[in-house]
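Read through the structure below, which is laid out as structure tokens, and then see the notes.
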Amino acid sequence: MPADSHRKVIITRTSVGRYTAVNGRGGTLDFGTGNADDFTPVELFLTAIGGCTAIDVNVVTTRRAEPESFVVQVDGHKVRDEGGNRVEDLTVTFRMSFPEGEGGDAARAILPEAVQRSHDRLCSVSRTVQLGTPVETRIES
């Protein structure tokens, strides 16, 4: 494994039902339990999937043309049953348009391949979900 492969966030409770995550570069993100307008952890999960693949697709398509619109929607159903809580039926939908002309035509042509490559290989978030990765928990004093 490369030395720079490690990623980390630190989450701190800031008040009842509210938390702040801090990444290794000092960026912060507030979230909560859904009682306010903060994102919930499930919404952050959906955001991570959509954001990861959006970045992959953006890199490839914008080499050909800047999009006129670029929207990625991620849907899923939060399930609670005897198997435990989880999100099922995940769907990522791209809604993009490109300008008329050679560059736009090239971006439209490469879009299906870019989406497929992100899904099959590039997006580390959705690949982790698809492949299934154990999550270890620890308690430290």
Is there a donor-acceptor contact under 3.5 Å linking the side chains of Ser69 and Ser97? yes
CG on Leu44 to OH on Tyr19, rounded to 0.5 Å: 13.0 Å
Does some side-chain heavy atom of Val74 sit less than 4.5 Å from a side-chain heavy atom of Thr53? no
Single-linkage hydrophobic cluster Val57~Leu90, side-chain heavy atoms < 4.5 angstrom: yes
Flag yes if Leu122 and Val129 sit in one hydrophobic cluster, no otherwise; membership is Ile, Leu, Val, Met, Phe, Trp, Tyr, and two members link when side-chain heavy atoms are under 4.5 Å apart. no
Please report the closest heavy-atom contact between Asn23 and Arg25, naming both atoms and the distance. OD1-N, 2.9 Å
On a heavy-atom basis, which atom in Glu88 and which in Val79 lie closest, and how many Å separate them? OE1-CG2, 3.5 Å
Are the side chains of Val92 and His119 in contact, using a 4.5 Å heavy-atom criterion? no
Is there a path of hydrophobic side-chain contacts, each under 4.5 Å between heavy atoms of I/L/V/M/F/W/Y residues, joining Phe39 to Val87? no
Taking the side chain as every heavy atom from C-beta outward, state whether Glu102 and Asp105 have any pair of such atoms under 4.5 Å apart. no
Just to verify, which of Thr33, Asp38, Thr12, Asn35 counts as forming a side-chain hydrogen bond (donor to acceptor under 3.5 Å, both in side chains) with Arg18? Asp38
Closest heavy-atom pair and its distance - Ser124, Cys52: N-SG, 3.5 Å
Hydrophobic clustering (ILVMFWY, side-chain heavy atoms < 4.5 Å, transitive) - are Leu29 and Ile55 grouped together? no
Look up atom OG1 in Thr61 and atom CD in Glu113, then write down how far apart they are to the nearest 0.5 Å. 12.0 Å
Scan for salt bridge (charged side-chain N to carboxylate O under 4.0 Å, His left out) pairs involving residues 54-81, sequence neighbours excluded, and state none if there are none. Asp81-Arg86
Considering all heavy atoms of both residues, which atom of Thr62 and which atom of Asn58 are nearest to each other, and what is their separation? OG1-O, 2.6 Å
Nearest heavy-atom contact between Ser126 and Ser118 is OG-O, 4.5 Å
Drop me the distance from Asp30's CG to Thr14's OG1, to the nearest 0.5 angstrom. 6.0 Å
Evaluate the ring planes of Phe70 and Phe94, with Trp represented by its six-membered ring, and classify them as parallel (under 30°), tilted (30 to 60°) or perpendicular (over 60°). perpendicular
